[in-house]
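Scroll down for the structure; my scribbles are underneath it.
Just so we're on the same page: letters track the sequence lines, and every chain starts at 1. Just so it is clear, the structure is predicted and the values come from calculations on it, not from any experiment.
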Protein chains: 2
Amino acid sequence: MTDAILILRQCGIQPTPQRIAVVECVLNGNGHPTADDVLISARKTCPTVSRATVYNTLNLLVEKGLIGMQTIREGAVVFDPNVEKHHHFIDDDTGDIYDIPWDQLDVKGKDKLKDFEILEFQVIMRGRRKKR
Amino acid sequence: MTDAILILRQCGIQPTPQRIAVVECVLNGNGHPTADDVLISARKTCPTVSRATVYNTLNLLVEKGLIGMQTIREGAVVFDPNVEKHHHFIDDDTGDIYDIPWDQLDVKGKDKLKDFEILEFQVIMRGRRKKR
DNA sequence: GTATCGATTTAGACAATGTCAAGATCGGAG
DNA sequence: CTCCGATCTTGACATTGTCTAAATCGATAC
Ligand SMILES: [Mn+2]
Ligand SMILES: [Mn+2]
Ligand SMILES: [Zn+2]
Ligand SMILES: [Zn+2]
């Protein structure tokens, strides 16, 4: 349970009911929601919130580094409450996206790519999550 | 210079002027075109080709394994004439996508992810291509 | 309490991506 | 030539995302 108001203030963003709802949806929600997921979810606590405000707020949060944005799903960008470096696993059956901790994988050979200046990278895996 | 007609026949797809134009655009063109790139490009040799036919043909080619489809750019899927396993580097300045040969990188640690059955994976890198 | 003013939100227009269905077109077999 | 199945085109439609103008909000000043 994050304190959305505090988080917004610390970034110099005026906390409003709409922005609080958006922050709570993406930070307390589970997973990697699309903007539309956030809109639907935010409307449960703030029924009049508009699509434009959800997009504005999400983009603002990305700018401030409070959340990430990932281009790994077809059709829509997803937002990511996890701002630490990490990899992703996408379940082809369900579409669910799982975080893989950064230190679980090691990518060897990047330094041999002389033609490219790598600013960031990640491993993207697809398959099925094993039922347990 | 690929023989589009032959390639289509080998996959059991009737070669038509429209399909030939699409195949030539994505196979002989350079890089990772979007459907819209292909549409514009195909219209140079086949001015009346429609958007639906371009999408239908591209999806058909993907189904048959003749080209790949990558979800690595915002806004639109890109198609990939390279069907071998490989990684990608995206130039943040230009948006250009470069193929990185499969054996240039080695991802260690995948076997420790007990909860996931990895069917495919790739490394996605972002940054700037060094001018040379 | 009321007027004012800037910040915020809303509703709807708009462009782009992608899918789909209905009708037109094409091309080969009879 | 006619018929018929395959293919193509057109335009409608849904979705994602951005933008603008007008409405709303809230704090301060009077
Ligand atoms: Mn979703
Ligand atoms: Mn393009
Ligand atoms: Zn993540
Ligand atoms: Zn590629």
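Of the residues in residues 38-54 of chain A, those lying under 4.0 Å from DNA chain C by heavy-atom distance are Thr48(A), Val49(A), Ser50(A), Arg51(A), Ala52(A), Thr53(A). A heavy atom lying under 4.0 Å from DNA chain C marks the following residues of residues 11-18 of chain A, by number: Gln14(A), Thr16(A), Gln18(A). Listed in residue order, the members of residues 56-70 of chain B having a heavy atom less than 4.0 Å from DNA chain D come to none.
Contact of the Asp80(B) side chain with the Ile67(B) side chain is not registered, since no non-hydrogen atoms from C-beta on lie closer than 4.5 Å. Contact of the Val83(B) side chain with the Leu66(B) side chain is not registered, since no non-hydrogen atoms from C-beta on lie closer than 4.5 Å. Thr34(A) has its side chain out of reach of Leu39(A): every pair of non-hydrogen atoms, C-beta onward, lies at least 4.5 Å apart. With a 4.5 Å cut-off on side-chain heavy atoms, Leu105(B) and Lys110(A) count as touching. Put simply, the side chain of Ile13(B) does not reach to within 4.5 Å of the side chain of Val23(B), judged on heavy atoms. Within the 4.5 Å cutoff, the side chain of Ile100(A) has heavy atoms near those of the Met125(A) side chain. Contact check for Leu8(B) versus Ile5(B): no side-chain heavy atoms found under the 4.5 Å cut-off.
With a heavy-atom cut-off of 4.0 Å to chain A, the contacted part of DNA chain D has its first and last nucleotide at dT16(D) to dC19(D). Nucleotides of DNA chain C that come within less than 4.0 Å of any heavy atom of chain A span, from the 5' end to the 3' end, dT8(C) to dA13(C).
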Anything under 3.5 Å between a donor and an acceptor, one on a side chain of residues 46-56 of chain B, the other on a protein residue two or more places apart or in another chain? List them.
| unit_1 | atom_1 | unit_2 | atom_2 | d |
| --- | --- | --- | --- | --- |
| Ser50(B) | OG | Thr53(B) | N | 3.3 |
| Ser50(B) | OG | Thr53(B) | OG1 | 3.2 |
| Asn56(B) | ND2 | Ala52(B) | O | 3.3 |

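Taking Lys108(B) as the reference, Asp106(B) meet the salt bridge (Lys or Arg N to Asp or Glu O under 4.0 Å) condition, with sequence neighbours excluded. For Arg128(A), the salt bridge (Lys or Arg N to Asp or Glu O under 4.0 Å) partners at least two apart in sequence or on another chain are Asp93(A), Glu117(B). Contacts of Lys85(A) classified as salt bridge (Lys or Arg N to Asp or Glu O under 4.0 Å), with partners at least two apart in sequence or in another chain: none. Shown here are the side-chain hydrogen bond (donor to acceptor under 3.5 Å, both in side chains) partners of Gln10(A), two or more places apart in sequence or in another chain: there are none. When the salt bridge (Lys or Arg N to Asp or Glu O under 4.0 Å) test is applied to Asp96(B), no partner is found at least two apart in sequence or on another chain.
For the helix from dG1(C)-dC30(D) to dG30(C)-dC1(D), the terminal axes (five pairs an end, C1' atoms, rotation from four pairs onto the next four) enclose an angle of 20°, given to 10 degrees.
Counted by atom type alone, His32(B) and Asp99(B) present one or more donor-acceptor pairs between their side chains at under 3.5 Å. His88(A) and Gln122(A) share a side-chain donor-acceptor pair at under 3.5 Å.
Atom NZ of Lys130(A) has more than 12 neighbouring heavy atoms from other residues, nucleotides or ligands inside a 6.0 Å radius.
The backbone N or O of Gln14(A) lies less than 3.5 Å from a partner atom in the side chain of Arg19(A), making a donor-acceptor pair.
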